[in-house]
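See below for the structure under consideration.
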There are 2 protein chains.
Amino acid sequence: MRDVARRDTERCMTALKRIEREPLWDLAHAQLRDALLAGRFEPGTVLTLRSLAESFGTSITPVRDAVTRLVAQGVLQQGPRNSAIVPHLSRRELSDLTVVRCALEGRAAREAALRRHDEAALRKLQDRLSTMQSLIAARKLESYLEHHRKFHFGIYAMSGVPLLVETIENMWLRCGPVLSYVIPEYVVLLKGWDHHTAALKAIVAGDADGAEREIVADITDAAHYLASLADTTGQLRRPSGLITS
Amino acid sequence: MRDVARRDTERCMTALKRIEREPLWDLAHAQLRDALLAGRFEPGTVLTLRSLAESFGTSITPVRDAVTRLVAQGVLQQGPRNSAIVPHLSRRELSDLTVVRCALEGRAAREAALRRHDEAALRKLQDRLSTMQSLIAARKLESYLEHHRKFHFGIYAMSGVPLLVETIENMWLRCGPVLSYVIPEYVVLLKGWDHHTAALKAIVAGDADGAEREIVADITDAAHYLASLADTTGQLRRPSGLITS
DNA sequence: TTTTGTTGTTTGTTATAACAAACATCGTCG
DNA sequence: CGACGATGTTTGTTATAACAAACAACAAAA
């Protein structure tokens, strides 16, 4: 037993690999987060603690922590009696979201263009761009959405301002549920594609104004398309069918 | 008993006054929030659930909810073993905060200038401005800080974008503890005063560029002053004495 | 003297039970 | 037949206890 302990301490000293057992509420939080972002929850659904706890196979305490966190972030809306409901997105809320996203993501693109960035990150983004192009051609929309997300945040990460990236991530989470089922019909029109390439090109050229302009155009174009889908009450709903793979 | 119920329903129907018993964790959250914003917690302090529970006279469950919420907002930093510590602010983090605040608050000022705003709100802001001036002269710094905060958020509220105001509020919470004990020495120099009047003047004139410029200048000026107070390790510390009233 | 092993304490995590308010269901009375 | 009221159920809130990991203090051995 002694040499075992010795070996343990040695490993900790040399590798510095943390054990870090993830708490249950952290796992629940991550699962709920991903589900929201992927649009697996219909807007308007009330998330009850006990049903979620049963799904996760845990007590209600961890899921309560997770839900509390999501509500604090503004990802989940709190309905009557402090119940957590996955939020609807009205045309007005979408408009507000667009304003904030333009300010934040436009600034991030600007900062990214002004920085000296490593070639590896740039090449990675360019590769991802061509991957996205082929994914669109193959109509693999779910996979495209993942790459699309990573492309955007790849740019924002190059701003060198973690707080900026974190705040933008929060905004994406808020419009995540809706985006997931309206973007697929949007991207096949290749509307946003040129903005992506132009933005990346502006960044490699160090053109801050151009980078901001293209990112803002990408956001506002998508927002206009989304707004056109709203019904007479200003609510955004799933247009026709479910996501096919 | 029957007429009591009748009267209850009648009252609910007519007045529509919500009862809304505030949960304990909400009170704890508000108290912690205010304490953080007022700088009553020394940065670096670890907030243990049991000690807070004892202070509030409740169980640890409500304070756990409150702390969880604060951590999710980024107001409290989570240290090792998920303990909540009131965050230090390094020069780097202050710089990041400044970037985000400029993007957000600059945009809010711009939106406010572009809107048709009611005269009552404008007059209220002008009154507050003169109040702030007299408070500075009287060296009533704590009261000044409150008016200063309300002046800024009065402008941001005129943007008509609640999400923007909410996000800005979150950023203020992050730098709240530090601001509280460095701003007092700053405002007596009257450095930020002209920016405030100029910003309000630009808004009434509908000058969006001017409004954004002045708000950004106000933020960056204060940030520069704050950065000059950082020590060699990049940490911002309380300069000399405590706040006197 | 320095290091190591042990023990007691602290602290976040989780489960569980009790509670109260809100909701739904259904029976009863007008 | 329709509205009102009682009752059971659902659901968030809070308290409490048990648990494990980490930290601190101390004692013993090299």
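Just so you know, these numbers come straight off a predicted model, no measurement behind them. Within every chain, numbering begins at 1; the chains are lettered A, B, ... in the order of the sequence lines, protein sequences first and strands thereafter.
Straight-line distance from the CZ atom of B:R81 to the P atom of D:dC23: 8 Å, rounded to whole Å.
At the phosphate of D:dT11, neither OP1 nor OP2 sits under 4.0 Å from any side-chain N or O atom of A:N82. Under 4.0 angstrom from either OP1 or OP2 of D:dA15 there lies at least one side-chain N or O belonging to B:S59. For D:dT13, one of the phosphate oxygens OP1 or OP2 lies less than 4.0 angstrom from a side-chain nitrogen or oxygen of A:R64.
DNA chain D is contacted by A:L47, A:T48, A:L49, A:R50 of residues 44-57 of chain A, taking any non-hydrogen atom closer than 4.0 Å. Listed by residue number, the members of residues 66-79 of chain B with any heavy atom below 4.0 angstrom from DNA chain D form an empty set.
For A:H152, the ring-ring contact (aromatic ring centres under 6.0 Å, His included) partners are A:H148, A:Y156, A:W172, A:H196, not counting sequence neighbours. Residues passing the side-chain contact (heavy atoms from CB on, under 4.5 Å) test with A:E54, sequence neighbours excluded: none. Scanning for salt bridge (Lys or Arg N to Asp or Glu O under 4.0 Å) contacts around A:R107 gives A:E111, with sequence neighbours left out. Listed by chain and number, the residues in a side-chain contact (heavy atoms from CB on, under 4.5 Å) with A:Q31 are A:F56 (sequence neighbours excluded).
No option in B:D65, B:T68, B:T61 other than B:D65 meets the side chain to side chain donor-acceptor pair (under 3.5 Å) test with A:R64.
In summary, the side chains of B:S90 and B:E93 do present a donor paired with an acceptor at a separation below 3.5 Å, with no hydrogens or angles considered.
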